[in-house]
Number of protein chains: 2
Amino acid sequence: MQRHTRQGTAIREIVQQSERPLTASEIHRRAIGKLPNLGLATTYRHLRKLESEDRLVGVDYPGQPTRYEWADGEQKIHFGCRSCEKLFAVEEGDDFKEPKPPKLPHGYQVNGGEWILYGTCPACSSSQSSVTPSNS
Amino acid sequence: MQRHTRQGTAIREIVQQSERPLTASEIHRRAIGKLPNLGLATTYRHLRKLESEDRLVGVDYPGQPTRYEWADGEQKIHFGCRSCEKLFAVEEGDDFKEPKPPKLPHGYQVNGGEWILYGTCPACSSSQSSVTPSNS
DNA sequence: GTCGTTGCAAAGCGTTTGCAGCCTA
DNA sequence: TAGGCTGCAAACGCTTTGCAACGAC
């Protein structure tokens, strides 16, 4: 059975309302604003559950902790900024077309994929010098 | 100054000669065949140095340790098998075309990217039932 | 002989798990 | 009231770092 708790609601809302994918500890830090005693383990437990229900997807930026974003059914391309280290989700329609999966050698059955691009985000490329990595 | 050591040579050769991307501990295990006292930390130090020199690239399969492969200048697409958990590098020309980077919203400067596909590899899809994950 | 490199052990970091108490349904 | 959920602390796996000994040049 599935129970409703304030903790689960808070974590879900934070991910749903976030403007970009967040790490578990970023989510935890934001949730603590509402629920000061919330444990980090509880945050992980909810993220794992939501992910297993396909309501959430984890995005891996190499060398950094997993970021989580709400799964709204739309495939996204992710962009990692090498200056401020933030990860952005770029939605289709903004200004690009999604690639089609390539045809692989015989025997490989594809049922998913992820594309991550690296570079400099608008904020960091406008301010020439690199921005000190910060999370929020 | 850069010194020539047996450890560095062994690690470099193992990655160069591998048929697929390997984790640090797989590389270490293979290297121990030649140099029984080789430390895992030394393996990591060499991998990091080779990566910083762009002679090696790290590939991240979500939820698993980083795999390393030799950077032969050719862009590759990676394929992660969800059954045996191995990671394969598929080279262009085998049977697919590489996608072009999409046009992103104004301000995003792209200088790299990675594409990982998930599914079932030939070995696992021929043997219907899933294969117990094993490393070598 | 110099100083980059090594092996070992310990520390660091993100994530998971064990457990007793709590609280939702 | 039953049993899923919580917070805490300990454990875990991968990776990095401190340090004294080693060995390439």
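Side chains included, hydrogens not; waters and symmetry mates left out as well; all remaining heavy atoms used. Residue numbering restarts at 1 for every chain, and letters A, B, ... go by the order of the sequence lines.
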- Task: Scan nucleotides 16-24 of chain D nucleotide by nucleotide, 5' to 3', and note B when protein non-hydrogen atoms come under 4.0 Å of the base, S if they reach only the sugar-phosphate, - if neither.
- Result: BBB----BB
- B:Tyr118 reachable from A:Val57 in the ILVMFWY side-chain graph, under 4.5 Å edges: no
- Query: Whole-Å distance between D:dC5 P and A:Leu47 CG?
  - Reply: 15 Å
- Query: Can you tell me if CZ on A:Arg82 sees more than 12 non-hydrogen neighbours from other groups inside 6.0 Å?
  - Reply: yes
- Query: Just wondering, do B:Leu47 and B:Val15 contact through their side chains at under 4.5 Å, heavy atoms?
  - Reply: yes
- Note down the inter-axis angle between the two ends of the helix from C:dG1-D:dC25 to C:dA25-D:dT1, five pairs each, to the nearest 10°. 30°
- Item | Protein-nucleotide distance (B:Glu51, atom CD; D:dT15, atom P), rounded to Å | 11 Å
- Message: For B:Glu114 and B:Arg67: C-alpha separation, side-chain torsions, deciding distance, then whether salt bridge (Lys or Arg N to Asp or Glu O under 4.0 Å) applies.
- Response: CA-CA 13 Å; B:Glu114 191 179 338; B:Arg67 307 299 217 294; over 6 Å; no
- Transitive ILVMFWY side-chain link A:Leu35 to A:Leu22, under 4.5 Å: yes
- How are the rings of A:Phe88 and A:Phe79 set to each other: parallel, tilted or perpendicular (split at 30° and 60°)? tilted
- Query: B:Thr66 near the nucleic acid: base, sugar-phosphate alone, or nothing, with a heavy-atom cut-off under 4.0 Å?
  - Reply: sugar-phosphate
- Do side-chain atoms of A:Ser125 reach the backbone of B:Gly107 as a donor and acceptor pair under 3.5 angstrom? yes
- Identify whether any heavy atom of A:His46 sits under 4.0 Å from a base atom; if not, whether one sits that close to sugar-phosphate; answer base, sugar-phosphate or nothing. sugar-phosphate
- Task: Provide the start and end nucleotides, 5' to 3', of the part of DNA chain C that has atoms under 4.0 Å from heavy atoms of chain A.
- Result: C:dG14 to C:dA25
- Task: Would you mind reading off the distance between A:Lys49 atom NZ and D:dC5 atom C1', rounded to a whole angstrom?
- Result: 8 Å
- Between A:His28 (side chain) and A:Leu38 (backbone), is there a donor-acceptor pair under 3.5 Å? yes
- Query: So, the side chain of A:Tyr68 versus the backbone of A:Arg48: is there a donor-acceptor pair under 3.5 Å, distance only?
  - Reply: no
- Message: If we ignore hydrogens and angles and just use 3.5 Å, is the side chain of B:Ser52 paired with the main-chain N or O of B:Lys49 as donor and acceptor?
- Response: yes
- Task: Could you pull out the closest heavy-atom pair between A:Gly80 and A:Tyr61, with the gap in Å?
- Result: CA-CE1, 3.1 Å
